[in-house]
Amino acid sequence: MASFMSLRDAVAENLKDGDAVAFEGFTHLIPHAAAHEAIRQNRKDLTLIRMTPDIVYDQMVGMGMVRKMIFSYVGNPGVGLLRRVRDAVENNWPQSLEIEEHSHAAMANAYEAGAAGLPCAVFRGYRGAGLAEVNPNIKSIICPFTGEKLAAIPSVRPDVTFIHAQRADKKGNVLIEGIIGIQKEAVLAAKRSVVTVEEVVDEFDEHPNTCILPHWTVSAISTVPGGAHPSYTHGYYDRDNARYIEWDKIAADRDTFLTWMKENVLDADPDAFADRVKDLRTAA
Amino acid sequence: MASFMSLRDAVAENLKDGDAVAFEGFTHLIPHAAAHEAIRQNRKDLTLIRMTPDIVYDQMVGMGMVRKMIFSYVGNPGVGLLRRVRDAVENNWPQSLEIEEHSHAAMANAYEAGAAGLPCAVFRGYRGAGLAEVNPNIKSIICPFTGEKLAAIPSVRPDVTFIHAQRADKKGNVLIEGIIGIQKEAVLAAKRSVVTVEEVVDEFDEHPNTCILPHWTVSAISTVPGGAHPSYTHGYYDRDNARYIEWDKIAADRDTFLTWMKENVLDADPDAFADRVKDLRTAA
Amino acid sequence: MSENDFTPDEMMTIAASRALTNDDVCFVGIGAPSAACNVARLTHAPDITLIYESGTIGTAPDVLPLSIGDGELCDTAITTVSVPEMFRYWLQGGRITIGFLGAAQLDKFGNINTTVIGDYHHPKTRLPGGGGAPEIATSSQQVYITMKQSLRGMVDKIDFFTSFGHGDGGDARRKLGIETAGPTLLITDLAVWKPDPETKEFTVVSLHPGVTRDEVQATCGWTVKFADDLEVTPAPTELELKTLRDLRERTRIAHSGKKEKAA
Amino acid sequence: MSENDFTPDEMMTIAASRALTNDDVCFVGIGAPSAACNVARLTHAPDITLIYESGTIGTAPDVLPLSIGDGELCDTAITTVSVPEMFRYWLQGGRITIGFLGAAQLDKFGNINTTVIGDYHHPKTRLPGGGGAPEIATSSQQVYITMKQSLRGMVDKIDFFTSFGHGDGGDARRKLGIETAGPTLLITDLAVWKPDPETKEFTVVSLHPGVTRDEVQATCGWTVKFADDLEVTPAPTELELKTLRDLRERTRIAHSGKKEKAA
């Protein structure tokens, strides 16, 4: 049953050291504010799960919070590499990083299987792919009707999932629209879930088939306007592409990175996000 | 690529004797007009596929068009049994009927697997269920990670699927809304597909995440207002519950059934449907 | 309103409604389960979540649907999802607290037949079949069953295992790898039954007002066990009865209204 | 506008755009593939269906997206679906006619590496990884590849098989049970390549205007085969060039516009 609370309390209550955690978002609706709160609360020994780790995972890895990362594409979308992740993988800075790497199809199926309560995902994939040789969690099953060999990987079942969404209603039902990505599955697959929203409204007046998470599937809801920045929220504000391009420079150097993190994350708070999207607001 | 054509042509071009065919709809949007056209064209030796065979399948079975039926609930929803199907199963009238029976979960997964291009569906099901003993198409696989035994059944891949939908745009994209059921999967799983629609509009102005079948996934579109009657079309007209109750009496007797079929199906045409929903229209 | 001013069917529906709470997420079948769930929603459990297998989640119909896919279920739902999603994410995902089933045949361990009377391949009577029941019975956290008692319905041995209850009793579910609780409540027109903690045999724990042990036994095909501390089901309250009757009257008008219009 | 008034990169993008038709359903990656697909849509193939793995189907962006999930892709799409649906129904379902891939490393059989330079477990350079590529390469009916030629990129032996092309050539795909055609076209900044029907080795079938065989060989890590009937790629038309440049200019303004606003 969704409780409305501050983001600080939501993170404190739901994210523990050692957790397997997904901050999901597929370019759209990336829960930056929630990830920054996790950084401020200095959680350790995390297993980060995400199809497309980007800036916030680069930040958490660079801050030494992460033991392992499960992913399918580790890049700054449209810009290039994630330099903090590279530094961890190539040079163990600030600590070593275990990786479990999949394809998008595999991760999408693994979240789907997690949401569906299954122990594994079954799909046609990884044929001739090198990942099948380096990732022991890629196995296969045989179709009992055709004899076809299909790929199987464990379902993804995070301890806690964080997502950002457009809005909640007063009962705590959560609406996601636009590029909905994998967020619904990531919440349903998780034991606990925290949703930051742009706003809370009395009730929804949407199309009957929109993507809605009923209140009883969500643990906590925090109102954080701009909480996806520099990602975007469809209907609220645009993607701040310049920040993604800029990140490439910030993350290139360890000291520049640490200085930036202190100023923009450690010494900031969730209220800062509303300001950051002021000039990116879209017409409703 | 969707072609706009008369329902007569659409059925003639896409449904052949001996086909495995799904006329799908889950209470909502049942393609009655298309099924009646198939009856008029007197297709034979069909394998009918549907989660919830109801009046139209009762009619096709009673008219001797059906060799086999694959289903998960064979009832007149909210009313009772399907008397023509019973007569075929219990008394071989007008001919014997082979059945392949599943649970809803199994059929839903089998359509999903068909749409996903997989040879089989894998799910947690049929535990302790008698169907697993009488249906040789219910097998199992073992999760390679947990050792859990999961159910597997062949995916559903109809030769042709018929559905009814709210509307198409001029390019042939098809919009389905409300109780969307299994129709999208049934179309994507099939080799060919025919959609009857209430109307054709210039373009859609809907929510970005509505259920839409792109024009290149559909073979033929026919405009048949009222084409779901006595089922309903969300936003257009209500369910004609009285017809479902009435059917129980019509189907109870072979002669009454045959007389009704001649008057209401064989001697009618798709245009008749618009009249049948005249008094059931809902406010837009 | 006196204690006798209600029918056994009304008592059954109201007793079933009382077993539901605000925190429940119910997978609702048509008929008595649907009426019970909606009476609960309209009385003591306004926040209960009702899910129909057609894909409607958190629905609040003003009249009872004739089918599990009536339009009003969608109109009043929080959201409506596809049928594969319903069965994968919501039922198989373990999110349903109560699966509500009816039965054509029921045995004392809560196994249900709605498939055939007689042999499966050469049935005397072909029934509609299981629909969602086989997986509702195993994926819901608990299963509640409602049915009218009769010697034809409550039988020593069902003709077909449409859905699995407690098998031959005891830990039969665990032996099959089923982790959910299965049937934990049976509500008939005469009594409330619960499974014995050990044997899992349904035992009468409460007789509806005015019902005798003999009446229960006379309409049940197995030898009935009664709890030592057998209770009497509280009679329907005025509010419960009025809520159920109003709901049925609204339903009758809605359905007959259509009939007249369309005729 | 003379033949020399275009860059090799422009020629590459335009040559790639010409390979696309109105009937194609393209799974589009970011960068050169995205530009090529949108030039095709804005010139000779207005009805082409562009799909980005973020879930947008039939999208028609006015500017090139920076990421595969930019808002405009959704705004202009016929519909936007979830990511699991995208990979299950649309890619795995066999509905993609052309999967468009780039490469960090490519070998002569169209095998691609975008994962690591060096050993997987102790990489010299950790690249972003495969994303959708492993299954795009096997589930799309055909695969088109675009990349700029370089000795670092076009190598005799790739360090990691991110996605499978024709393996070691011949019927390597069939041996793995892969039924799709795989890489059927490679378009670089210097030439158009097609696999030999038998060996599946990429062979230059067309040199871009002004490009020599030596230039192609000098930027390619394997010994290049040239078709007997080697052609010259038609230079970009005025319309093609204008379309591409206008698209890039609109994109530049849109992205820098944001930058100024946000700074």
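In the text below, chain A, chain B and the rest are named by the order of the sequence lines, each starting its count at 1.
- Both the backbone and the side chain of L118(A) come within less than 4.5 Å of a heavy atom in chain B.
- Heavy atoms of I142(A) lying under 4.5 Å from chain B belong exclusively to its backbone.
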Across chain A and chain B, going purely by atom type as modelled, what donor-acceptor pairs are there at a distance under 3.5 Å?
residue	atom	partner	partner atom	Å
G117(B)	O	R124(A)	NH1	2.8
G117(B)	O	R124(A)	NH2	2.8
R124(B)	NH1	G117(A)	O	2.8
R124(B)	NH2	G117(A)	O	2.8
E177(B)	OE1	H207(A)	NE2	2.5
G178(B)	N	N209(A)	OD1	3.0
G178(B)	O	N209(A)	ND2	2.7
H207(B)	NE2	E177(A)	OE1	2.5
N209(B)	OD1	G178(A)	N	3.0
N209(B)	ND2	G178(A)	O	2.7

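- Using a 4.5 Å cut-off between heavy atoms, C211(A) does not touch chain B at all.
- For A220(B), the side chain to side chain contact (heavy atoms under 4.5 Å, CB included) partners two or more places apart in sequence, or in a different chain, are M5(B), A10(B), N14(B), V194(B).
- Interface summary for chain A: among G117(B), P119(B), A113(B), A152(B), the most heavy-atom pairs under 4.5 angstrom belong to P119(B).
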